[in-house]
Amino acid sequence: MQCLDCHEDVGNSLTNEHLLACSGLTLQEYALRHHLPLDLVLSPDQINQADDISSYWRPDRKVGRNTLDILKGLGMARAMVQQGEFTMISLGVRRLEQLLWYLESLRSLGFQFRQEYMYENATHRVIARNSLKIPSTWVPSEITQISAGSFLQQITILIAHIGEMHAGYLFIDFPDCKDANRVSDHLKKNYQVCLKGLDASVHENGLLMRSETRKDTSRLLEVIAEYLEKIPAACERFFKSHDRATVVKELVFDSAHFITDHPGKCVNLHGGHYAMSVKVEDQIDALTGFVVDYGYLKRIVSQKVIDELDHQTLNYVSAGLSWRSSTELLSIYIWEMLIEYLPGLVELQIFETEHSYCCYTGPSLRELQERGRNALLGHFTSDELGKSRLRRLLHQSRRDSLKIIG
């Protein structure tokens with residue numbers, strides 16, 4: 001076999017040792033550089049090999065505060081997973097530099113880097129896993145926060161590991177709602193940074209948090225900049241600009257509705273089959289290759305829109321739709337449900353029939369926060385309704401008063 005980087009004959013198999021000396025790459029990075037399946041790069045004896053716990057050694061030196069802060073931040077992110085005799089911290093190959101940055105500090109605890117290769121029946125191919133591993137019995141017990149510097153370091157690691165930016169807002173899906181509330185309270189009290197809880201966590205006991213405003217995002221990034229700028233890969237996500245794109249997710253729902261005071265047949269209760277396109281525009285995330293994960297996009301739209309509207313009578317779902325559940329007003333209603341979770345939302349298309357549909361672009365999240373909800377949906381819930389001087393006509397003498405029949 002010939003190494004495609006240095007063109008040296010490497011015998012029957014290519015090894016990490018050769019590549020690290022030749023180009024500094026791992027086998028997985030080499031395979032990606034030369035767009036080769038790992039199956040062709042690896043020899044059979046490199047696949048499905050069990051890690052040997054006896055090859056790990058426990059350093060005989062004091063563990064520094066910086067190391068413990070990194071471990072605490074990773075713990076809040078639930079980044080440490082136990083598997084057999086080992087505890088591991090894994091990241092994808094695009095974030096290998098970030099994983100090695102962790103290792104620079106965590107090796108004082110005995111962590112070692114492993115790139116392991118496994119054939120998976122579900123994927124029908126060999127995959128690689130990049131991890132920092134340690135015997136589970138060596139992992140320190142609960143680490144407590146002891147200083148302001150420790151807090152900032154810990155949340156920086158948390159944000160670098162699981163934080164995401166969407167249209168200038170920072171999202172953090174905390175696996176534990178207690179951590180979410182503690183961090184939120186501390187940031188508000190000590191740094192005037194506000195986070196907003198959203199009921200869309202993927203974790204059973206978690207809480208998805210979003211910076212309340214884009215100013216809160218800026219303030220938070222400014223507070224942790226001295227820590228965050230040191231972490232490879234994370235810098236690209238939070239401090240660099242990238243090309244933009246628009247992604248679209250199409251979902252359908254069936255609902256009944258009627259149009260009050262309409263002169264045509266739509267005044268009657270009738271069924272509708274709605275096909276909806278949700279369009280989100282933002283920068284392409286350098287670490288995921290996505291504008292937004294389609295899985296997240298589908299989950300949010302399904303939970304916030306489909307689950308609420310499917311097989312319902314739209315007029316009885318909300319006061320904003322009770323008078324007229326037109327596709328125009330329905331678009332506004334759906335926009336206001338989604339924009340909190342999808343601040344990059346740029347357009348909704350709702351097809352009521354194959355040939356009749358509405359295109360709507362609503363306010364940005366910042367504009368919605370500044371001006372409030374759309375007045376078109378608020379007529380029947382307004383405090384001013386019923387208070388005009390003309391209402392006195394309904395309170396005249398019994399002889400002339402309005403007769404209500406029915």
Side-chain angles (χ1 to χ4, degrees), residues 196 198-200 212-213 251-280 300-343 345-353 355-398 400-406:
K196 177 183 177 67
L198 303 174
D199 57 342
E212 179 75 43
T213 67
L251 296 97
V252 299
F253 59 94
D254 297 288
S255 301
H257 79 134
F258 56 87
I259 305 297
T260 307
D261 303 328
H262 191 271
K265 291 183 178 180
C266 286
V267 72
N268 299 321
L269 179 67
H270 60 283
H273 179 73
Y274 296 88
M276 178 173 62
S277 293
V278 181
K279 300 183 180 182
V280 176
I300 292 301
V301 178
S302 296
Q303 288 181 1
K304 301 302 168 185
V305 179
I306 307 302
D307 290 352
E308 180 170 354
L309 303 183
D310 190 42
H311 284 73
Q312 301 293 329
T313 301
L314 297 179
N315 302 71
Y316 303 139
V317 166
S318 165
L321 300 175
S322 60
W323 167 58
R324 289 201 163 179
S325 49
S326 62
T327 49
E328 294 91 332
L329 295 184
L330 182 60
S331 296
I332 296 173
Y333 179 74
I334 291 174
W335 184 281
E336 292 188 351
M337 285 199 293
L338 292 180
I339 192 67
E340 294 274 4
Y341 303 84
L342 300 168
L345 187 63
V346 290
E347 186 181 58
L348 287 177
Q349 283 186 336
I350 301 180
F351 286 76
E352 191 168 356
T353 71
H355 304 291
S356 301
Y357 64 96
C358 173
C359 297
Y360 175 71
T361 297
S364 69
L365 178 53
R366 178 166 56 182
E367 291 169 340
L368 188 65
Q369 290 169 335
E370 291 174 350
R371 79 182 195 193
R373 302 295 180 180
N374 196 304
L376 288 173
L377 300 181
H379 178 78
F380 291 100
T381 56
S382 171
D383 292 338
E384 298 303 312
L385 185 64
K387 295 181 179 178
S388 79
R389 64 177 183 82
L390 297 176
R391 294 290 168 139
R392 72 179 187 275
L393 297 175
L394 301 178
H395 299 283
Q396 290 181 345
S397 65
R398 290 174 179 262
D400 299 327
S401 66
L402 174 70
K403 299 279 192 305
I404 299 177
I405 308 298

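Only this structure's heavy atoms are used, side chains among them; waters, hydrogens and symmetry mates stay out.
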K.L.:
Over all heavy atoms of both residues, which pair between Ser331 and Ile350 is shortest? Give the atoms and the distance, please.
P.N.:
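It is OG-CD1, 3.4 Å.
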K.L.:
Take Thr260 and Val267, measure what side chain to side chain contact (heavy atoms under 4.5 Å, CB included) needs, and give me the verdict at the end.
P.N.:
CA-CA 6 Å; Thr260 307; Val267 72; over 6 Å; no
K.L.:
Checking side-chain contact (heavy atoms from CB on, under 4.5 Å) between Tyr274 and each of Asp254, Thr327, Val252, which is the one that passes?
P.N.:
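By the side-chain contact (heavy atoms from CB on, under 4.5 Å) criterion, Tyr274 pairs with just one of Asp254, Thr327, Val252: Thr327.
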K.L.:
Without hydrogens or angle criteria, can the side chains of Glu352 and His257 be said to hold a donor-acceptor pair below 3.5 Å?
P.N.:
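Glu352 vs His257: donor-acceptor pair found between side chains.
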K.L.:
Kindly compute the distance separating CG (Asp307) from OG (Ser302), expressed to the nearest 0.5 Å.
P.N.:
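Answer rounded to 0.5 Å: 6.5 Å.
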K.L.:
Please say whether more than 12 non-hydrogen atoms of neighbouring residues, nucleotides or ligands are located less than 6.0 Å from CG in Asn268.
P.N.:
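Count over threshold, so yes.
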K.L.:
Answer whether the closest heavy-atom distance between the side chains of Val346 and Val280 falls below 4.5 Å.
P.N.:
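Not in contact.
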K.L.:
To the nearest 0.5 Å, how far apart are SG in Cys358 and CD1 in Ile332?
P.N.:
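One finds 8.0 Å between SG of Cys358 and CD1 of Ile332.
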K.L.:
Taking the side chain as every heavy atom from C-beta outward, state whether Lys196 and Glu340 have any atom pair closer than 4.5 Å.
P.N.:
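With C-beta onward as the side chain, the pair touches.
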K.L.:
Answer whether the closest heavy-atom distance between the side chains of Tyr341 and Leu365 falls below 4.5 Å.
P.N.:
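No, too far: nothing below the 4.5 Å cut-off.
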K.L.:
Going through the checks in order, is the side chain to side chain contact (heavy atoms under 4.5 Å, CB included) test met by Asp199 and Lys304?
P.N.:
CA-CA 10 Å; Asp199 57 342; Lys304 301 302 168 185; 2.7 Å; yes
K.L.:
Using modelled atom types only, decide if a donor and an acceptor are shared between the side chain of Trp335 and the backbone of Pro363 within a distance under 3.5 Å.
P.N.:
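Indeed, once roles are kept as given, a pair shorter than 3.5 Å links the two residues.
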K.L.:
Would you indicate whether the side-chain heavy atoms of Tyr333 and Val317 approach each other to under 4.5 Å?
P.N.:
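The answer is yes; the side chains approach within 4.5 Å.
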K.L.:
Got a sec: does the OH of Tyr357 have more than 12 other heavy atoms crowding it under 6.0 Å?
P.N.:
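Not buried by this count: 12 neighbours or fewer within 6.0 Å.
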K.L.:
Once you round to the nearest 0.5 Å, how far does CZ of Arg366 lie from CD1 of Ile339?
P.N.:
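Arg366 atom CZ to Ile339 atom CD1 measures 12.0 Å (nearest 0.5 Å).
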K.L.:
Closest approach of Leu314 and Leu330, non-hydrogen atoms and distance?
P.N.:
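Minimum heavy-atom contact is CD1-CD2, 4.1 Å.
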K.L.:
Any side-chain heavy-atom pair from His262 and Arg324 closer than 4.5 angstrom?
P.N.:
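Yes, side chains in contact.
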K.L.:
Please evaluate residues Asn315 and Ser322 with respect to the criterion side-chain hydrogen bond (donor to acceptor under 3.5 Å, both in side chains), reporting the C-alpha separation (whole Å), side-chain torsions for both, the decisive distance (0.1 Å), and the verdict.
P.N.:
CA-CA 4 Å; Asn315 302 71; Ser322 60; over 6 Å; no
K.L.:
Less than 4.5 Å apart, any side-chain heavy atom of Ser325 and any of Ile259?
P.N.:
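Yes. Closest side-chain heavy atoms under 4.5 Å.
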K.L.:
Any sub-3.5 Å donor-acceptor pair from Glu367's side-chain atoms to Ser364's backbone N or O?
P.N.:
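Judged by distance alone, yes, a pair lies under 3.5 Å.
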K.L.:
Return yes if some donor-acceptor pair links the side-chain N/O of Arg371 with the main-chain N/O of Leu368 below 3.5 Å, else return no.
P.N.:
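Pair absent, no side-chain N/O of Arg371 close to backbone of Leu368.
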K.L.:
Identify the two heavy atoms, one from Gln349 and one from Cys359, that lie closest to each other, and give their separation to 0.1 Å.
P.N.:
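What the structure gives for the nearest pair is NE2-SG, 3.3 Å.
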K.L.:
Using side-chain heavy atoms (C-beta onward) and a distance below 4.5 Å, is Lys279 in contact with Leu345?
P.N.:
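Lys279 does not reach Leu345 side chain to side chain.
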K.L.:
For a 4.5 angstrom cut-off between non-hydrogen side-chain atoms, does Gln303 reach Glu308?
P.N.:
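With C-beta onward as the side chain, the pair stays apart.
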K.L.:
Applying the side-chain contact (heavy atoms from CB on, under 4.5 Å) criterion to Leu309, which one of Thr313, Val305, Ile306 satisfies it?
P.N.:
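That would be Val305; it is the only one of Thr313, Val305, Ile306 passing the side-chain contact (heavy atoms from CB on, under 4.5 Å) with Leu309.
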K.L.:
Search all heavy atoms of Asp261 against all heavy atoms of Trp323 and return the closest pair with its distance.
P.N.:
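Smallest heavy-atom distance, with atoms named: OD2-NE1, 3.7 Å.
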K.L.:
OG1 of Thr381 to CZ of Arg373: how many Å apart, nearest 0.5 Å?
P.N.:
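It comes to 11.5 Å.
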